[in-house]
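Have a look at the structure below before the remarks.
Positions are given from 1, in the same order as the sequence printed here.
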Amino acid sequence: MTPLLSLGPHIFQITELNFQSVKRSTEAKWPAIARFGNYPGRQFTGFGEDTIDIEGLLFPEEFNDREQYEALRATQAARRPVSLLGWAIGSGAAAQLFGRVVILKIEDTQSRINRLGQGARVEYSVSLAPFQDGGKPIGLFG
């Protein structure tokens, strides 16, 4: 299988640990500054957090990917930044570096509960933010 996205050691593919959407948000801060006797002006004061949200849908009983999904939580618990890579469409060899990120939040909704109390259908989201460690960011966050 061709990888679609890599988050540290986690490989997202069509079947195992797949995702349905990637949402990217960037923010520039331009607060209104009051001016005496005139309309407020805007001044650039810096950047906000550039976040990425990955949303997916898993069927663990069919594709046996529950363990891979739960491994994302272990990476989050390790409290270490990881690299985020996305592969170019049509070429499994060319990857685009987003940069180093931290996992802020992992959420899921499990439905079609089986006899073990686990969901046979798992809708999930993973929220990421760039890891800025005093230097210039790399990749698409730069």
Side-chain angles (χ1 to χ4, degrees), residues 1-114 117-142:
M1 267 294 146
T2 302
L4 301 174
L5 190 69
S6 168
L7 178 59
H10 311 286
I11 307 296
F12 294 79
Q13 300 176 15
I14 295 292
T15 55
E16 297 179 2
L17 198 57
N18 75 70
F19 64 95
Q20 305 296 311
S21 67
V22 175
K23 180 174 125 181
R24 185 170 174 219
S25 174
T26 58
E27 180 183 17
K29 295 183 180 187
W30 290 86
I33 307 297
R35 294 190 279 186
F36 183 76
N38 207 341
Y39 291 104
R42 297 234 172 237
Q43 179 178 350
F44 177 71
T45 60
F47 293 102
E49 289 197 48
D50 297 343
T51 59
I52 292 181
D53 294 316
I54 301 169
E55 295 182 350
L57 176 62
L58 304 175
F59 296 94
E61 292 180 353
E62 295 177 36
F63 298 108
N64 199 26
D65 51 7
R66 183 179 308 279
E67 186 176 313
Q68 293 173 20
Y69 169 67
E70 292 300 334
L72 287 168
R73 292 186 192 278
T75 297
Q76 179 188 35
R79 303 178 311 272
R80 291 201 173 112
V82 294
S83 293
L84 179 64
L85 294 169
W87 275 262
I89 295 174
S91 173
Q96 187 172 32
L97 177 64
F98 283 87
R100 290 173 45 116
V101 297
V102 292
I103 301 174
L104 298 176
K105 182 164 53 170
I106 299 174
E107 295 182 300
D108 64 51
T109 301
Q110 300 194 28
S111 57
R112 293 183 18 209
I113 307 300
N114 64 21
Q118 299 174 325
R121 175 188 164 107
V122 179
E123 296 176 63
Y124 72 92
S125 65
V126 180
S127 297
L128 310 171
F131 177 69
Q132 314 277 344
D133 193 21
K136 183 180 181 321
I138 59 171
L140 291 179
F141 295 126

Is the shortest heavy-atom distance from the side chain of [X] to the side chain of [Y] under 4.5 Å?
| X | Y | result |
| --- | --- | --- |
| Thr109 | Val122 | no |
| Leu104 | Glu49 | yes |
| Asp50 | Pro130 | yes |
| Ile33 | Pro40 | no |

Any chance you could measure [X], atom [atom1], to [Y], atom [atom2], to the nearest 0.5 Å?
| X | Y | atom1 | atom2 | result |
| --- | --- | --- | --- | --- |
| His10 | Gln68 | NE2 | CD | 10.0 Å |
| Gln20 | Tyr124 | CD | OH | 8.0 Å |
| Lys23 | Ile52 | NZ | CD1 | 12.0 Å |
| Asn18 | Asp65 | CG | CG | 7.0 Å |
| Ile54 | Ile103 | CD1 | CD1 | 8.5 Å |

Take atom CG of Asn64 as the centre, draw a 6.0 Å sphere, and report whether it contains more than 12 heavy atoms from other residues, nucleotides or ligands.
no
[X] side-chain N/O to [Y] backbone N/O, donor-acceptor pair under 3.5 Å:
| X | Y | result |
| --- | --- | --- |
| Arg66 | Leu58 | no |
| Arg73 | Ala71 | no |
| Arg112 | Arg121 | no |

Test side chain to side chain contact (heavy atoms under 4.5 Å, CB included), reference Leu17, set Leu7, Ile11, Leu72, output is Leu72
Taking all non-hydrogen atoms of both residues into account, name the closest pair between Asp108 and Tyr69 and its distance.
OD2-OH, 2.9 Å
